[in-house]
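Take a look at the structure below.
In what follows, every chain begins at residue 1, and chains take the letters A, B, ... in the order their sequences are listed. Heavy-atom basis, side chains included; hydrogens, waters and symmetry copies ignored.
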Protein chains: 2
Amino acid sequence: MEPIAHSAADALFRALGDPTRRTLFERLARSELTVRALTEGAGISQPAVSKHLAVLKGAGLVLDRPQGRETHYRANPRGLAPLLDWMRLHEAMWADSFDRLEDLLRRMDQ
Amino acid sequence: MEPIAHSAADALFRALGDPTRRTLFERLARSELTVRALTEGAGISQPAVSKHLAVLKGAGLVLDRPQGRETHYRANPRGLAPLLDWMRLHEAMWADSFDRLEDLLRRMDQ
DNA sequence: CCAATCCATAACCATGTGGTTATTCAAATC
DNA sequence: GATTTGAATAACCACATGGTTATGGATTGG
């Protein structure tokens, strides 16, 4: 249920604001993993992991690939694009540091 | 549920995750404003604005300049640096994924 | 076919968060 | 000096959030 129209950046910031969730995302950025594999070492229960994954998926940060009874998750390479878009709005505040990321964004948009 | 390692990126993501707070930050990125000026047009009470400003200040996103009975706030030009650092940390990761994909496509072409 | 496994969902609980109004203190203004 | 004004703090409240255990549906394996 979404009574208010949140921007894409909203969902991204909120999703990444939780350290546990950000850790899950970082693990998925390295390799595709099942929920089972993610649960091991996460320090929380499997349902908690599933809920975090649902949030990450809702923010467009991860993609899921159901295969039989297990679900494989991986990072969405373009998931961070809206975050880069938002940061570009404030480019003036740190323009000198922005060039490399801007270049990356261009490559991701291909 | 005791997140021990609270990184700077944590505070940034959490602070920017709230749309009201991000709007305040964006206004301050344009010009320095008093709490009074920020409250007008924010749609919330003055104490609510003050609390948001305290969060933004805690995240290093804004700086305050008390002057007499009013306090002027402005965006901290270096406030977004940790966020940029976090993205740079993952830049290599994205690039790797991207390179692997390019590599795969190249091999398929032959 | 039956049992075990993987994952999502439901139901619940404690704490955090964002808002309010009331209050206080310092500083302008009269 | 008295009053008004700006901003932070306190006290409180409703709801969101992140965790748990319990459950169920689908799939795999013996």
Side-chain angles (χ1 to χ4, degrees), chain A residues 1-7 9-28 31-59 61-74, chain B residues 1-7 9-28 31-59 61-74:
Chain A
M1 291 188 294
E2 297 196 32
I4 301 176
H6 294 288
S7 71
D10 262 315
L12 280 179
F13 280 124
R14 294 188 73 84
L16 295 172
D18 182 75
T20 302
R21 209 149 44 212
R22 210 168 61 246
T23 300
L24 288 174
F25 172 72
E26 290 168 358
R27 288 180 65 189
L28 290 174
S31 66
E32 183 178 89
L33 293 169
T34 66
V35 176
R36 179 73 174 153
L38 282 168
T39 300
E40 294 171 6
I44 54 178
S45 65
Q46 172 264 312
V49 171
S50 284
K51 287 205 287 185
H52 280 309
L53 290 172
V55 173
L56 289 172
K57 183 180 173 184
L61 283 168
V62 302
L63 303 170
D64 61 336
R65 183 172 62 85
Q67 183 182 29
R69 66 180 165 184
E70 54 189 12
T71 308
H72 299 255
Y73 282 86
R74 65 185 185 282
Chain B
M1 51 178 177
E2 187 108 5
I4 301 163
H6 211 64
S7 73
D10 262 316
L12 279 180
F13 280 123
R14 294 187 71 85
L16 295 172
D18 181 75
T20 301
R21 211 148 42 212
R22 210 169 62 247
T23 299
L24 288 175
F25 172 72
E26 291 168 357
R27 288 179 65 189
L28 291 174
S31 66
E32 182 177 88
L33 292 169
T34 65
V35 177
R36 178 71 174 156
L38 282 168
T39 300
E40 293 171 6
I44 55 178
S45 65
Q46 172 264 312
V49 171
S50 283
K51 287 207 287 187
H52 281 309
L53 290 172
V55 173
L56 290 171
K57 183 180 173 184
L61 283 168
V62 302
L63 303 171
D64 61 337
R65 184 173 62 84
Q67 184 182 27
R69 66 181 166 185
E70 52 188 15
T71 307
H72 299 254
Y73 281 87
R74 64 185 186 280

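Atom NE2 in His52(A) sits about 6 Å away from atom P in dG18(D), given to the nearest Å. Distance Asp10(A) CG to dG18(C) P: 12 Å, rounded to the nearest Å. In this structure, Leu53(B) atom CG and dT17(C) atom P are separated by 17 Å, rounded to whole Å. In this entry the distance linking CG of Asp64(A) with P of dC7(C) reads 11 Å, nearest Å. Going from atom NZ of Lys51(B) over to atom P of dT17(C) covers 11 Å, rounded to whole Å. Rounded to whole angstrom, the span from the CG atom of Leu33(A) across to the C1' atom of dC6(C) amounts to 15 Å. When rounded to the nearest whole Å, the span between CG of Leu38(B) and P of dA8(D) equals 10 Å. Following rounding to the nearest Å, Arg65(A) (CZ) and dA8(C) (C1') show an atom-to-atom distance of 18 Å.
Residue-to-nucleotide proximity on DNA chain D shows that, of Arg36(B) and Ile44(A), the 5′-proximal contact is made by Arg36(B).
Regarding contacts with the backbone of dG19(D), a side-chain N or O of Thr20(A) is found under 4.0 angstrom from either OP1 or OP2. Taking 4.0 angstrom as the limit, Tyr73(B) places none of its side-chain polar atoms (N or O) nearer than this to OP1 or OP2 of dG6(D). A sub-4.0 Å separation between OP1 or OP2 of dA16(D) and a side-chain N or O of Arg14(A) is absent.
Nucleic acid contact for Thr34(A): sugar-phosphate only, since backbone atoms but no base atoms lie under 4.0 Å from a heavy atom of the residue.
Looking at residues two or more places apart in sequence or on another chain, you find a side-chain hydrogen bond (donor to acceptor under 3.5 Å, both in side chains) between Arg21(B) and His52(B). Take Arg65(B) and apply the salt bridge (charged side-chain N to carboxylate O under 4.0 Å, His left out) test, not counting sequence neighbours, and it matches Glu32(B). Shown here are the ring pair (Phe, Tyr, Trp, His ring centres under 6.0 Å) partners of Phe13(B), two or more places apart in sequence or in another chain: Trp86(B). Ala37(A) pairs by the side-chain contact (heavy atoms from CB on, under 4.5 Å) definition with Leu33(A), Thr34(A), not counting sequence neighbours. Residues forming a side-chain hydrogen bond (donor to acceptor under 3.5 Å, both in side chains) with Ser50(A) (at least two apart in sequence, or on another chain): Gln46(A).
Closest to the side chain of Val35(A), from the set dA7(D), dA8(C), dG18(C), is dA8(C).
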Between the protein and nucleotides 21-30 of chain D, which nitrogen or oxygen pairs are less than 3.5 angstrom apart?
from: dT27(D); atom 1: O2; to: Arg69(A); atom 2: NH1; distance (Å): 3.3

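A side-chain contact (heavy atoms from CB on, under 4.5 Å) with Leu38(B) is found for exactly one of Thr23(B), Ile44(B), Leu24(B), namely Leu24(B).
The heavy-atom pair separating Ala59(B) from Leu12(B) by the smallest distance is O-CD2, 3.7 Å.
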